[in-house]
2 protein chains.
Amino acid sequence: MGDVKGGVSIRQSVRGDGPRMSDVKEMPSRSPLIKAMPKHEPAAGAPDTRAKGKRELTKLNNREAILNSAREVFAELGYGATTVRDVIRKTGLASGTFYNYFKSKEEVFEAIMDDGMRRIRPRLKADRIRSRNFEEFIRNAYATYFDYLVSDRHTFQMMRGNQTWFRVRMDTPEILAGLEEIKEYIEEDIRDGNLPPVDSEYLMAAVVGVATEIGDRMILRQKLDPKAAAEFATSLILKGFEALPLKK
Amino acid sequence: MGDVKGGVSIRQSVRGDGPRMSDVKEMPSRSPLIKAMPKHEPAAGAPDTRAKGKRELTKLNNREAILNSAREVFAELGYGATTVRDVIRKTGLASGTFYNYFKSKEEVFEAIMDDGMRRIRPRLKADRIRSRNFEEFIRNAYATYFDYLVSDRHTFQMMRGNQTWFRVRMDTPEILAGLEEIKEYIEEDIRDGNLPPVDSEYLMAAVVGVATEIGDRMILRQKLDPKAAAEFATSLILKGFEALPLKK
DNA sequence: GACTTTGCGTGGCGCCTCGTCAACTTCGCG
DNA sequence: CGCGAAGTTGACGAGGCGCCACGCAAAGTC
């Protein structure tokens, strides 16, 4: 994101309802309600706490608190309507503190997305390793992906709430690397003769496009059925690539 | 978008270079350079000018000027970094005037997107009508879509420029309707027995996902080859759907 | 344990953009 | 020509942004 000087602020008038907190000088810190999330206490599910200095610990907790708050607020107000202040308010921290952890709202969002990608990439790699051919890889990868979507569904339902008309997809380095990895798997299979010489970038794009778009729909359904979604995507791609035009 | 109260403003510090125009009271209107786009003159390619009052004409021109400026500025700064002021500045109009035409930056973007969808939907419908089976429809539709992408490539390269890490996809009513239409075509074909009873929503999602993702890649390539892209997507889907799991 | 150093949380501030609106200009029409 | 409607203008109040001087508490030193 290079240097950023401001954040997004698509605010929805819905929020104009309650008393505006204008004159209030930035979070008076009285009000017990606000302290819902105490400053320096371990957030639920904080990672790996043993043998850390107190400083390091708070840092971890604060970061996690901001991310969790962000997830909640994004879900509640939608990404666009959320301000950095909305996020930080829920944590009980001061506004300035936010900027010790993230440069902007976008960076928080990136972090959330990257988090997902970081969780799924090793699984894909494992799928790749234990698969002996393209077919198995695709099958495993889709199963992994749709399972992951369900397990992490809150992140992905996040953007759907309310008046958000955006679907934002962010090209973080982590995500790009993940995509590139898939392409490389394909190219490897082509080199090894497991796959005819098709356009690897397009095939990767198709695999990914099918995953994201079907995943999107799956998440919106009442009954989440990752197996069915995976089966659908897998059949389509595996049969489909038989007929793909070859690269000259 | 319902009620909107603000716009996005991810500003890049790059722009902090030149003299900041802080003290300058909103566009002093002197400076001949600014008048690059004269207020009330027909913009290139303005639609259907015959027999209109001057008022109606300016309205059309202003709207078009704003849209064109937006396209340029989005391309230059990226969507996120663009402010309403950036857009309006290029037109020579006053900031207030912007709001006579659009509620926010988002609405401009929607208008640009919808514009695209409005141009392509009739073509898809025509494809649909002149196709006698699913296979022909898919083939025609993909050809249409990728051709359209090339013809309107500037709109789609728009989001790629510079530091923009977002890919924004907007669910405007027009776009949703377009997707729904594709789904209905599929369902029609299922009813008519041209297609086995597959999950029409997922198939639509797959068709669309393949289109968008491959389209995205195509646009980024040196040599734009819509035929190849269409061929790739068509083969994949047409072969692929032969193996799709049937809906019970 | 006392004393220094370092890290970082805090919150007020100046900057900037937003969306509005009263005043003004232009157009259409009789 | 003159009047009302339509549209434009730009200054303004509101509020979010990101910064930074300040102070406190944890870590480091003897």
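Letters A, B, ... are given to chains in the order of the sequence lines, protein chains preceding strands, and every chain is numbered from 1. Hydrogens, waters and symmetry mates are skipped; everything else that's a heavy atom, side chains included, is used.
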Length of the line joining Asn62(B):CG and dT9(D):P, which is rounded to integer Å:
8 Å

Integer-rounded Å distance: dC15(C) C1' and Tyr99(A) OH:
13 Å

Just the rounded figure in Å: distance from P of dC19(D) to CD1 of Ile88(A).
14 Å

For Thr97(B) and Lys59(A), take the nucleotide of DNA chain C holding the closest heavy atom to each; which residue's nucleotide lies nearer the 5' end?
Lys59(A)

Side chain of Tyr101(B) only, please: which of dA26(D), dG9(C), dT8(D) is the nearest?
dT8(D)

I'd like to know if Arg55(A) reaches the base of dG7(C) with its side chain, counting only an N/O donor and acceptor under 3.5 Å.
yes

Just call it for Phe102(B): base, sugar-phosphate, or nothing, with non-hydrogen atoms closer than 4.0 Å on any strand.
nothing

For Tyr202(B), what residues pass the ring pair (Phe, Tyr, Trp, His ring centres under 6.0 Å) criterion, not counting sequence neighbours?
Phe232(A)

Whole angstroms only, please: what is the CG-C1' distance between Leu57(B) and dT8(D)?
17 Å

Indicate yes or no: does Arg128(B) engage Glu181(B) in a salt bridge with an N to O separation below 4.0 Å.
no

Starting from P on dC15(C), measure out to CZ on Arg85(B) and report it in whole angstrom.
18 Å

For the pair made of CG in Leu60(A) and P in dC8(C), what is the distance, rounded to whole Å?
12 Å

Whole Å only: how far is the CG atom of Asp86(B) from the P atom of dG19(C)?
13 Å

note: Asn100(B), atom CG; dT25(C), atom C1'; distance rounded to Å ~ 14 Å

Taking the six-membered ring of Tyr79(A) as reference, does the NZ or CZ atom of Lys105(A) fall below 6.0 Å from its centre and within a 45° cone about the axis?
yes

Which of Arg123(A), Arg71(A), Arg119(A) passes salt bridge (Lys or Arg N to Asp or Glu O under 4.0 Å) with Asp152(A)? It is Arg119(A)

